[in-house]
Novice: 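Got a structure for you, questions after.
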Amino acid sequence: MSAPLLDSSEIETNRQEPEHDRSQPQAAGPRSSHRPAPPIPRSMRRRPSHVSHQDPFEGRRQRNPEHRLSRLSTSSDDESSGLDQFRDPEKDDLVRDLQLDSRAPTLRGSISGTSLPYAVPERRRLSRLPGELEFKPSPEDIEATAAITTIKNDAPDNRPFPSPTPSPGHPHDHTHARPRLSFRSRLKHFTWAWYTLSMSTGGLSLLIHAQPHQFPSLTPVLGLAVYIINILLFTLITALLLARFFLNTGSFVGSITHPREGFFVPTFLLSIATLITSTQKYCIPSHIQSWGGERQGLRWAIQIAFWVYVALSTCLAVAQYSFVFGRRHSFGLQTMMPTWILPIFPVMLSGTIASVIASTQPPAMALPIIVSGLSCQGLGISVAAMMYAHMVGRLMQSGLPDREHRPGLFMCVGPPSFTALAFIGLAQSLPGSFDVNMDGLLDSSIMLMMAIVGAGFLWALSFWWFAIAVLAVVQSPPKYFHLGWWASVFPNTGFILATISLGKVFQNEFVLWFSTAMSIVLVAVYGFVLFHCVRAVVVKDIVYPGRDEDVEDH
């Protein structure tokens, strides 16, 4: 029986690839009566999907280091438990250290959260039975292990890193051992968010000075000590941040343009705002009303610092929001966080600063400070109100933030609280002879009455946000420290200060004692957050690759 006839396509394939003809088996039977069997068509031949048609060894050369590292993995879990007596503990410890995830059965998807396009082969057993040859890792395995260890321990900033905060449905992973890094390597992850420590400490010093129930050594000893500590903290944070920028080229531009860390740049100006107001409280006595007093030079310095602060905060608010609006980064509604309010926060605190320093300035200079402070405060609360609409929409659509970010909800307490505080302070700082039309219709007493009414409305809004934030944190407390925990201190400082101001103008002793109790609780919260902040630095929860604000995690 003769072989079947070939069509034109198969004949053309036979001509183009004569080398395959010699490799094909011949048909059974005598040579004289049978023609050789035709070659298998190209479309029916089986080739490994990872091998190129031009180079059969290309797939092996392009194999990833993770794939080669799987040769060093331990045996599968279904091996006989009776072989454990022959295992080598030293080699098992070595394999355990080389694994990227001690809980994962394979290395699939363990680098940068990706999934490999091929199945990881069965893991090889490193322990050996008596008489077996000892397994030694190849040079390729050793090289791959070193590369992956380097990526895991201290990857460059432009390489994706495991998120310090879990994605929805993924647990927070802090099980890996954290190798000790050099000071310079950890300084690379010292972010702008550290200024939240300084501004919280400055807010605490203001709160101590404003307490309605004082004891002899509270303000002149404890408050002054906290004020000096805040100056030292601000200086230390600034020095470390400058060292980071000088030692890592391009890190300054990368930090201010980062989609997450960039929103913490305004905390630098917020820390300066607490320094200006604290200096006014602790260094310029309020009973000195004459401009020719012994503190004239310091008053001029405070006034100049105020106008410079107003200019810088206004430029920052315009520039940073313009950068965000320029579609450099895309932010979805489900990713909305209270940190979006931070760029407008410094210009809003211009009104708070004005309400503190205007009372000790001469009338000719006090009125421009009050007008500019009122304008900046109005700008800040207006933009914050627009951000509140997005925040409520995000909460309605996606629910509360992840548990690690829930303390950030206290940031929504700040804008109405500081605005209420500024309204009352600015009205009380107006000169007694203030009258716009010289007809007695708009004098300082009428302005104070309007300020008290507006402050009461805004205090209620801040209390609403405060209650929501407290319930959210109590419902799911954060487990791992982030610098966002400081949001539970500074905005609440403004809330308590506004409560104290309302209690004083209403002369309500119950409100004043309530504010004193809240102050004690806030001091305890400050100590709690400070303890966990120091502990997080020691155990490498922060200021470490992949665990700070220089990575995106929401």
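The chain is numbered in sequence order, starting from 1.
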Novice: Would a 4.5 Å heavy-atom cut-off, applied to side chains only, mark Leu530 and Leu197 as touching?
Specialist: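 They are in side-chain contact.
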Novice: Just wondering, do Phe423 and Leu458 contact through their side chains at under 4.5 Å, heavy atoms?
Specialist: yes
Novice: Within the 4.5 Å heavy-atom criterion, are His189 and Tyr544 side-chain neighbours or not?
Specialist: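 No, side chains not in contact.
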Novice: Measure the acute angle between the ring planes of Tyr388 and Trp465, then classify it against the limits of 30° and 60° as parallel, tilted or perpendicular.
Specialist: tilted
Novice: For Tyr309 and Leu349, run side chain to side chain contact (heavy atoms under 4.5 Å, CB included): C-alpha distance rounded to whole Å, both residues' side-chain angles, the deciding distance at 0.1 Å, then the answer.
Specialist: CA-CA 10 Å; Tyr309 177 86; Leu349 282 190; 3.9 Å; yes
Novice: Looking at Phe246, I want to see if its CZ is surrounded by more than 12 non-hydrogen atoms of other residues, nucleotides or ligands under 6.0 Å.
Specialist: no
Novice: Checking Leu430 against Leu367 for the side chain to side chain contact (heavy atoms under 4.5 Å, CB included) test, could you report, in this order, the C-alpha distance in whole Å, the side-chain angles of both residues, the deciding distance, and whether it holds?
Specialist: CA-CA 7 Å; Leu430 286 172; Leu367 196 58; 4.2 Å; yes
Novice: Let me have the donor-acceptor pairs involving side chains of residues 229-236, under 3.5 Å, with sequence neighbours excluded, atom names and distances please.
Specialist:
unit_1 : atom_1 : unit_2 : atom_2 : d
Asn230 : OD1    : Ser198 : OG     : 3.0
Thr235 : OG1    : Ile231 : O      : 2.9

Novice: Once the angle between the rings of Trp485 and Phe481 is folded into 0 to 90°, is it parallel (under 30°), tilted (30 to 60°) or perpendicular (over 60°)?
Specialist: perpendicular
Novice: Counting neighbours of CZ on Phe457 that are heavy atoms of other residues, nucleotides or ligands and sit closer than 6.0 Å, is the number greater than 12?
Specialist: no
Novice: Applying side chain to side chain donor-acceptor pair (under 3.5 Å), name anything that partners Gln214, two or more places apart in sequence or on another chain.
Specialist: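 By the side chain to side chain donor-acceptor pair (under 3.5 Å) rule, Gln214 matches Thr219.
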Novice: Should Pro212 and Thr516 count as side-chain neighbours, where that means a heavy-atom distance under 4.5 Å?
Specialist: yes
Novice: For residues 261-276, which side-chain N or O atoms pair as donor and acceptor with protein atoms under 3.5 Å away, sequence neighbours left out?
Specialist:
unit_1 : atom_1 : unit_2 : atom_2 : d
Glu261 : OE2    : Trp192 : N      : 3.4
Glu261 : OE2    : Arg244 : NH1    : 2.8
Thr267 : OG1    : Trp192 : O      : 3.1
Thr267 : OG1    : Phe264 : O      : 2.4
Ser271 : OG     : Tyr195 : O      : 3.1
Ser271 : OG     : Thr267 : O      : 3.0
Thr274 : OG1    : Ser271 : O      : 2.6

Novice: Can you find a heavy atom in the side chain of Phe418 that is under 4.5 Å from one in the side chain of Ser355?
Specialist: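 No; the side chains remain at least 4.5 Å from each other.
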Novice: Which pair of non-hydrogen atoms, one from Cys412 and one from Ile341, has the smallest distance, and what is that distance?
Specialist: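 Nearest pair, atom of Cys412 first, then Ile341: SG-CD1, 4.4 Å.
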Novice: Would you please test Ser372 and Phe306 for side chain to side chain contact (heavy atoms under 4.5 Å, CB included) and show each step?
Specialist: CA-CA 10 Å; Ser372 62; Phe306 169 76; 3.6 Å; yes
